[in-house]
Amino acid sequence: MFPSLENPGGRFPILGNAPRNMLRSRRMFCLRVIVLGGLLGLGAARADLIAPVKGAITNTAQKLDTLHDDLNVRMQRVTRSLDSFFKRPDAPEAISNSTARVRLGIKLKDADGASLQSAFNGKVAMPYAEERLHLFADNIKRGALPGAEDPTVRDDGVQVGARWWLLNRLRSHIHLEGGIRFHGIPDPFTQLEFEYERKLAGWVGRFTQDAFYYAKEGAGELTQVDLEREFRDKSFFRSTTAAQYTEETHGVEFEQTVFYAYPLPGRHRKVIPSASLFAHKCGPFLMDNYRVNVTYRTGFFRPWMVLELTPQIEFPRERDYTCTPSIVVALEFWFGSLPEDK
């Protein structure tokens, strides 16, 4: 038998390997204990980090819900106080809730940077007035083209007023609005709107004619024709053709918009692709803008909050029809009725 590297003597086993193997086993055991302890410690630390985060989110949600409920109760209390003036002795006690929507957004546009957008629209339901009277507070300009990106009144004005239904039948509706815009000197305004609706083979056609007047800006009119349909999968198509004339516009302004709202699984989730073109006629007929966008709407954090993302591409005449991308990120806050009720 020849000597080997494992047994140089070649005759007897190497007794010194046994203590060495035992030492190696102990080292491996200690290493495993250290690694296991480290993993357990890391898991405990991670749990300690996750628990406060979850707790903070829960506390924030509870605080927001409390604030929302308090504001909603105050709004409904004002509604009932105003509505009690029209209550008849035989009227039922149950009345519908008023609705308010606040929309805050930020727009990032190529070459323009960021701009803030804010819109709110509150409606006080008056059911005891036989659905003939609503009170409102908003900053939405009367007579704006339906596809206007920011159809709010100038100078961050606030408008309050009332809407009366002069005619409210199955197909025909006439209502009159009157109110005051507050920003500096009060600016009275009024609007008369006629709407006629017709259904045919699953489609709905709607004709709307508005005539409005602002004391500071003068008179104007808006003519609008909508063709829409809701499909079995709850998707929704609409085509809107509109023309507008005011004392401040360049002749007659036109708009053609089509959009398709497709619902997605989940709370308030929709994808809404849209395409629009805008033009005006003051002598020659000129195209003002071409616009394509896709809006994604989804419930966000609370049932009464909706997140909206709208990437957009447009080709405005003022930029020689250069492709101009932008994106709008907006949050809607609902009081009273929820978005799915609208």
Side-chain angles (χ1 to χ4, degrees), residues 75-102 119-146 148 151-153 157-182 186-200 203-215 219-228 230 238 240 242-244 246 334-342:
M75 184 182 72
Q76 303 304 333
R77 187 180 300 151
V78 172
T79 299
R80 285 166 172 77
S81 298
L82 293 172
D83 196 37
S84 62
F85 178 78
F86 299 93
K87 184 177 180 180
R88 304 183 308 273
D90 58 342
E93 292 297 329
I95 65 175
S96 58
N97 287 332
S98 299
T99 301
R101 183 189 67 164
V102 179
F120 66 92
N121 187 9
K123 180 182 68 175
V124 178
M126 308 291 282
Y128 290 144
E130 298 181 350
E131 293 294 338
R132 291 187 178 274
L133 176 64
H134 280 172
L135 303 181
F136 64 83
D138 60 37
N139 66 341
I140 309 300
K141 183 175 177 60
R142 269 55 183 172
L145 286 172
T152 56
V153 296
V158 177
Q159 301 178 147
V160 295
R163 174 183 294 182
W164 295 270
W165 266 261
L166 305 179
L167 178 66
N168 194 8
R169 295 183 178 177
L170 180 63
R171 295 178 181 173
S172 301
H173 308 275
I174 300 177
H175 71 255
L176 175 67
E177 287 186 0
I180 299 176
R181 180 174 65 185
F182 291 96
D187 183 13
F189 69 92
T190 184
Q191 174 179 277
L192 180 65
E193 180 175 282
F194 168 74
E195 181 180 288
Y196 179 78
E197 184 176 287
R198 187 83 179 188
K199 297 181 180 180
L200 180 63
W203 291 84
V204 177
R206 184 180 301 106
F207 171 80
T208 305
Q209 179 64 57
D210 289 346
F212 52 91
Y213 174 78
Y214 280 89
E221 68 86 22
L222 174 68
T223 304
Q224 181 174 333
V225 177
D226 295 304
L227 182 64
E228 59 190 39
E230 183 175 358
R238 175 183 289 165
T240 297
Q244 175 200 42
T246 71
W334 288 74
F335 299 88
S337 302
L338 293 177
E340 64 265 21
D341 300 327
K342 297 296 161 188

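- Put simply, the side chain of Q159 never gets that close to the backbone of K141: no donor and acceptor are under 3.5 Å apart.
- With contacts defined as side-chain heavy-atom distances shorter than 4.5 Å, the pair D210/R142 does not qualify.
- Annotation for P146 and Q224: closest pair CG-OE1, 3.7 Å, computed over non-hydrogen atoms.
- Expressed to the nearest 0.5 Å, how far CH2 of W165 lies from CG of L176 amounts to 11.0 Å.
- The aromatic rings of F189 and Y214 sit parallel to each other, their planes meeting at less than 30°, with 60° as the upper class boundary.
- Y196 and F194 have parallel rings, their planes meeting at less than 30° on a 0 to 90° scale where 60° marks the start of perpendicular.
- Shown here for A242 and L222, the closest heavy-atom pair between the two residues is CB-CD1, 4.3 Å.
- For the pair L135/V160, no side-chain contact is recorded, criterion being any heavy-atom separation below 4.5 Å from C-beta on.
- There is no side-chain donor-acceptor pair under 3.5 Å between T246 and Q244.
- Note that the CD atom of Q191 and the CD atom of E221 stand 11.5 Å from one another [nearest 0.5 Å].
- The CZ atom of R181 sits 4.5 Å away from atom CG of D187, with the distance rounded to the nearest 0.5 Å.
- With values rounded to the nearest 0.5 angstrom, H173 atom NE2 is found 5.5 Å from E195 atom CD.
- For the pair P186 and I180, the tightest heavy-atom approach, listed with the atom from each and the gap, is CB-CG2, 3.6 Å.
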